[in-house]
Structure formats: C-alpha cells, structure tokens
**Q** 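Before we start, here is the structure in question, set down as structure tokens.
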Amino acid sequence: MIVFGTLFFNYRKIYKVGFTWNFLMVQSSLNNIFESFIERKSIFQNKDVLNLKFSPENIPHREKEINQIASILGTSLRLEKPSNIFIYGKPGTGKSLCASFVLLQLNQIAIKKSIPLKTVFINCKLGKIADTEYRLLAQLAREFGKNVPNTGLPTSEIYKAFYNEADKEKRIILIILDEIDQLVKKCGDEVLYNLTRINQELKRAEICLVGISNDLNFLNDLDPRVKSSLSEEEIFFSPYDAIQLKDILLERAKLAFNESVIGEDIISKCAAYAAREHGDARRALDLLRVSAELADRNGDAKINEIHIDMAEEKIEKDKYVEIVKTLPEQKKILLEAGISILSEVNRRINTGELFNVYKTYCIKYGIRPLTQRRISNMIAELDMLGLLNAKVTSFGRYGRTKEISLYIPRESIDKINKILTQPAEK
DNA sequence: CGAGATTCATGTGAAGTATACCTTTAGGCTTAA
DNA sequence: AAGCCTAAAGGTATACTTCACATGAATCTCGTA
C-alpha cells in the first residue's frame, strides 16, 4: 500500500512539470493554427460518415445478402431458433456491416414489440478481447451483464456463468462472431463445438450462431460436426466492382462533405483505385477519407486528383505504422532487429541470424531475450500480420529454416523505426 | 548412375514453468450488545 | 458474539521455456550396370 502511494505521488509530480513546460512552448504558435481553422470553412459536414465504424442506413449492392440474412434470422421474432449462418468473403466486402445492420433492425423491432431477443456482436480478431476460448466466453458473459475477471477462473466456471446468465429467461440469443477463423486458428474449434452444443443444455433460451470469416477455406479445416452445425446456411459475399464501389462512395460522400467539395470524377477515381486490388470497400473509404483530410489540412476547398494520389501513398505508408504501434514490446524489438539487418544486407536471412541480432538488441535495451523457440513463433506471427515474409524452406544438406524478408516498403521504414526505438528506450 | 541413407539447422508439438490474478478460508481486529 | 478486513492457500489462464522429435532436399554412400 505504502509503495503504491509513493509511486503515484512521483508520477503526478513528473506529469505536472512536463505539462507546464509543453504548454508554454506551444501556446503562441497554436493560437495561429487554431484561428485559421475557425476562419476557413471545413470541407467536412460530418466526418464520422467516412469512419469504418460508421453504419449507414443504406447499404448499396448488398440488398440480396441483407435480405438473405434477415429472412433467416427473422424467425427469431417468432421465438423460433433461426438456422446458424456462416458468412464468408474477402475483406471489405461488407460482411460485418450487413450482419450488424440486420442485427440492429432486428433489435429495434424486438424492442418495439417487446420480443425477448438478445443480440451480441463479438470480434475474435487476434489481439482483441476475445481471441481465446476463455476470453470469448468471458466477453459473452459480460455482454449478459455478468462481471467476470480477465483471468484466474477456470474456463468451465466462465462457461457456467455465461450459461446461467443466458438461460435466465426464455429468449432467442443471436451471437455474431466476427473473424471467427482467427479464433479457431489460435485455439481450435472446441469452443465452437461447445457453443453449438450448448443449445441442448439450455432450458429456456436458445442460441443462434453467426460466424463471419475472411478465409474462404476456413470451413474445410473444421471438425465435421462443427462444420455441419455452424453452416446450416452459408452466405457468400463477392467483392465489389468499381461501379458498385463508386455508388458506395457517392452515398457516403453526400453525407460526409459539404456541397461541391468533391466531384463525381474524383469519386470514380477513388473507386477505381480500390477496385484494382480486390474490391475492398474499406480501402476505398480510407482513400476518400485520407484525401479529404489532406485537402482540409492543406486549406484547399476542393478535393482533387492530387489529393487522392497523396492519400494512396500515405495509406500505403501508414498501414504498417498502425500495426507496429500496437505490437507488444518483444515483437517490436524483434522487428527492429529484423529491419536493421535486412536493410544492411540485401538478401533474405534465416531464423538463426535474426535471432542473434535480436539478442544483441535485447542486451542493448537491457531486456532479457526470449528463446529461439518463441522467436520462431513470433516470426510466424509477424508474417501473419504482413510485416515480415517468412517462408519455410529447406536447404537440403544445409538444414531447414525460415527465409525471412521484409514486407514493409522502404518508405515506411523510417516512420516505423521512430516508433520502434521510442518505447524501448524507457 | 541411381536408390537409399545421412546430414544440417531449424520447424514443431507437448509438457513444464513463471507470473499475474481469482476465490475461498481462517485468523485477527473492531464494534456493539 | 457478530461483522469486517487481511493474508495465506489453492486454483487458473497465459506467455514463455524446455525437451524431444520431425522435416526435407542437398549431399554422400554404395551397389549395380
């Protein structure tokens, strides 16, 4: 208790000093910047519309899919358990958006007519709250208002907690598991098996599962029992083409910008850029948002082609920066080591080399290095994140190793290095 | 010359360990009768 | 004596380590033509 108190006191002192210093330094120049912002009319009407989290009222070119989902889940309004659904398709094809859209509508009707319906949307993405069996169940239990600890309890206990909360009253429960493939890749399909089976044990409530996956082959690796029960219905989302993307962007642009800020030709170009890859609407929206931000910051009244080109470049650079920022410390050091030798020697390196360099970096920062075994796994994880490219290759007589090369483009390296060295020095 | 054995350097799975955190429980302290 | 607080005990998940065996093609070995 006493130790904690003093620590806290010190922290406050440091914080206070730092704050006043910064404030004095920055104050005068800030005033000018702020004033220019007030004078100039913003090109945005409602910037949130371009945010990925925003859910529009209109979802163009997905009417068919939405109707499909809705007609399957609709039975829940008659208190009949809907079929489980498995939704799959490439990233940025609107899977999550459509699912949560239908969920929202269902919820509204359910509330209006006081139908006992509970909906839960959980993202199982790695590094998020629900990427293990325990964490998924804990999150579910929390959704039902039961406060459970992050660790310490047996998984069966959490399972029971969720089960009890869910079964409290007669109702239909819709659980949407986004990026379900990542969860299964990390800890197997046992969770899903349990969840699909839980219905037989529930007395009052009934659970319906909706799995969303980016991985098209995900179902094949599943336990056949889970596979058949999870995919009672399957819905495939095909990528958008350039024309569809344009419609989506037009829809959003109408809401996001003030009038005559952006021309239709510019939007077409945005759509064309994004369609070039694989019809990723997320990317198209990002492109539009970033170019608008650039234009706004530049003081330009209109968005033009140059902004889009700049945005394209910036996104390409920042894509990696964002990922790197959220990396745990050990992985940052590993990545820093990787970047340093890979930019020094112009060839692919192997696990042993990288591990040695990594160790020297650990010593430099005074951090205990992890074992090679763990590093091997981490390299694979960085590969999954698209930061490194690690391919297992055999050199016959000369052993077998991962051939590692950098996935990050040269231009982003500087930016990433800044992030990498910063926290490690503390 | 070619089939099969060998080899290397690491991949990979499983079991074990350390850490952080949770609940339960027992003992001590406080409070009120 | 009842109620509350605290610390220890007993238990778990997670991240990591240790151990042991698996991999896979270049190279070596040796029998055969």
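Per chain, numbering begins at 1; letters A, B, ... match sequence-line order.
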**Q** Quick one, Pro91(A) and His278(A) - any side-chain contact, counting heavy atoms below 4.5 Å?
**A**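 In short, these two side chains touch, coming nearer than 4.5 Å.
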
**Q** Tell me, which of residues 345-357 of chain A have any heavy atom that sits under 4.0 Å from an atom in DNA chain B?
**A**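 The stretch gives Asn350(A), Thr351(A), Gly352(A) as the residues lying under 4.0 Å from the strand, ordered by number.
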
**Q** Given Arg289(A) and Asp286(A), is the salt bridge (charged side-chain N to carboxylate O under 4.0 Å, His left out) satisfied, shown in steps?
**A** CA-CA 5 Å; Arg289(A) 180 176 51 82; Asp286(A) 264 341; 2.7 Å; yes

**Q** Show, in sequence, the C-alpha distance, side-chain angles and deciding distance for Ile72(A) and Ile69(A), and conclude whether the side chain to side chain contact (heavy atoms under 4.5 Å, CB included) test is met.
**A** CA-CA 5 Å; Ile72(A) 296 167; Ile69(A) 300 174; 5.9 Å; no

**Q** Under 4.5 Å between any side-chain heavy atoms of Lys359(A) and Ile375(A), yes or no?
**A**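 With C-beta onward as the side chain, the pair stays apart.
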
**Q** Establish, with yes or no, whether the OP1 or OP2 oxygen of dT14(C) is under 4.0 angstrom from a side-chain nitrogen or oxygen of Thr132(A).
**A**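 Thr132(A) to dT14(C) OP1/OP2: side-chain N or O found under 4.0 Å.
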
**Q** Quick check on side chain to side chain contact (heavy atoms under 4.5 Å, CB included): which of Val184(A), Leu230(A), Leu183(A) does Asp189(A) satisfy it with?
**A**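 Single side chain to side chain contact (heavy atoms under 4.5 Å, CB included) partner of Asp189(A) among Val184(A), Leu230(A), Leu183(A): Val184(A).
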
**Q** Would you mind reading off the distance between Gln372(A) atom CD and dA20(C) atom P, rounded to a whole angstrom?
**A**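 Gln372(A) atom CD is separated from dA20(C) atom P by 17 Å.
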
**Q** Nearest whole Å is fine: how far is dA15(C) P from Gln330(A) CD?
**A**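 About 13 Å, once rounded to whole Å.
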
**Q** Just the rounded figure in Å: distance from P of dG11(B) to CD of Glu403(A).
**A**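 It works out to 12 Å between those atoms.
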
**Q** Can any side-chain N or O of Ser376(A) pair as donor or acceptor with the backbone N or O of Gln372(A) at less than 3.5 Å?
**A**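 Here the side-chain-to-backbone pair does not exist.
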
**Q** Could you tell me how far apart Leu137(A) (CG) and dA13(C) (C1') are, to the nearest whole angstrom?
**A**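 Taking CG of Leu137(A) and C1' of dA13(C), I get 13 Å after rounding.
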
**Q** With a 4.0 Å cutoff (strictly under), does any side-chain N or O of Arg368(A) reach OP1 or OP2 of dA18(B)?
**A**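 Checking dA18(B) against Arg368(A), no side-chain N or O comes under 4.0 Å of OP1 or OP2.
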
**Q** Atom CD of Glu329(A) to atom P of dC16(C): distance rounded to whole Å?
**A**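 From Glu329(A) CD to dC16(C) P: 11 Å.
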
**Q** Taking the side chain of Tyr134(A) as heavy atoms from C-beta outward, which of dT17(C), dA13(C), dG11(B) is closest to it?
**A**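 Looking only at heavy atoms from C-beta outward on Tyr134(A), the closest nucleotide is dA13(C).
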
**Q** With a cut-off of less than 4.0 Å, is there a side-chain N or O of Ser376(A) near OP1 or OP2 of dG11(B)?
**A**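 Looking at the OP1 and OP2 atoms of dG11(B), one of them is under 4.0 Å from a side-chain N or O of Ser376(A).
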
**Q** dA26(C) P sits how many Å from Phe395(A) CZ, rounded?
**A**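 Phe395(A) atom CZ is separated from dA26(C) atom P by 10 Å.
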
**Q** Report each atom pair, protein N/O against N/O of nucleotides 5-8 of chain B, whose distance is under 3.5 angstrom.
**A**
from: dC8(B); atom 1: O4'; to: Arg397(A); atom 2: O; distance (Å): 2.9
from: dC8(B); atom 1: O2; to: Gly396(A); atom 2: O; distance (Å): 3.3
from: dC8(B); atom 1: O2; to: Gly399(A); atom 2: N; distance (Å): 3.0

**Q** Please examine the side chains of Leu137(A) and Glu133(A), heavy atoms only from C-beta on, and report whether any two atoms are closer than 4.5 Å.
**A**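 Yes, at least one pair of side-chain atoms sits under 4.5 Å.
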
**Q** Is the distance from OP1 or OP2 of dA26(C) to the nearest side-chain N or O of Ser394(A) less than 4.0 Å?
**A**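 For dA26(C), neither OP1 nor OP2 has a side-chain N or O of Ser394(A) closer than 4.0 Å.
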
**Q** How long is the line joining NZ of Lys359(A) and P of dT17(C), in whole Å?
**A**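 Lys359(A) atom NZ is separated from dT17(C) atom P by 12 Å.
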
**Q** Please check the phosphate of dT10(B) (OP1 and OP2 only) for any side-chain N or O of Lys402(A) closer than 4.0 Å.
**A**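 No, outside the criterion.
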
**Q** Among dT10(B), dC22(B), dA25(C), which is the nearest nucleotide to the side chain of Pro149(A)?
**A**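 Given the options dT10(B), dC22(B), dA25(C), the side chain of Pro149(A) is closest to dC22(B).
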
**Q** Do the non-hydrogen side-chain atoms of Ile404(A) and Leu382(A) ever get within less than 4.5 Å of each other?
**A**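 Ile404(A) does not reach Leu382(A) side chain to side chain.
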
**Q** Taking atom CD as the centre, does Glu190(A) end up with more than 12 heavy-atom neighbours from other residues, nucleotides or ligands that are less than 6.0 angstrom away?
**A**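 No - once you tally the heavy atoms of other residues, nucleotides and ligands closer than 6.0 Å, there are 12 at most.
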
**Q** Go through dA15(C), dC21(B), dT17(C) for me and flag the one nearest to the Arg374(A) side chain.
**A**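 Closest nucleotide among those given: dT17(C).
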
**Q** Quick one: Arg142(A) CZ to dC22(B) C1', roughly how many Å, whole number?
**A**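 For the pair Arg142(A) CZ and dC22(B) C1', the rounded distance is 13 Å.
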
**Q** Using the six-membered ring wherever Trp is involved, compare the ring planes of Tyr88(A) and Phe86(A) and label them parallel, tilted or perpendicular (cut-offs 30° and 60°).
**A**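 If you compare the ring of Tyr88(A) with that of Phe86(A), the planes turn out parallel.
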
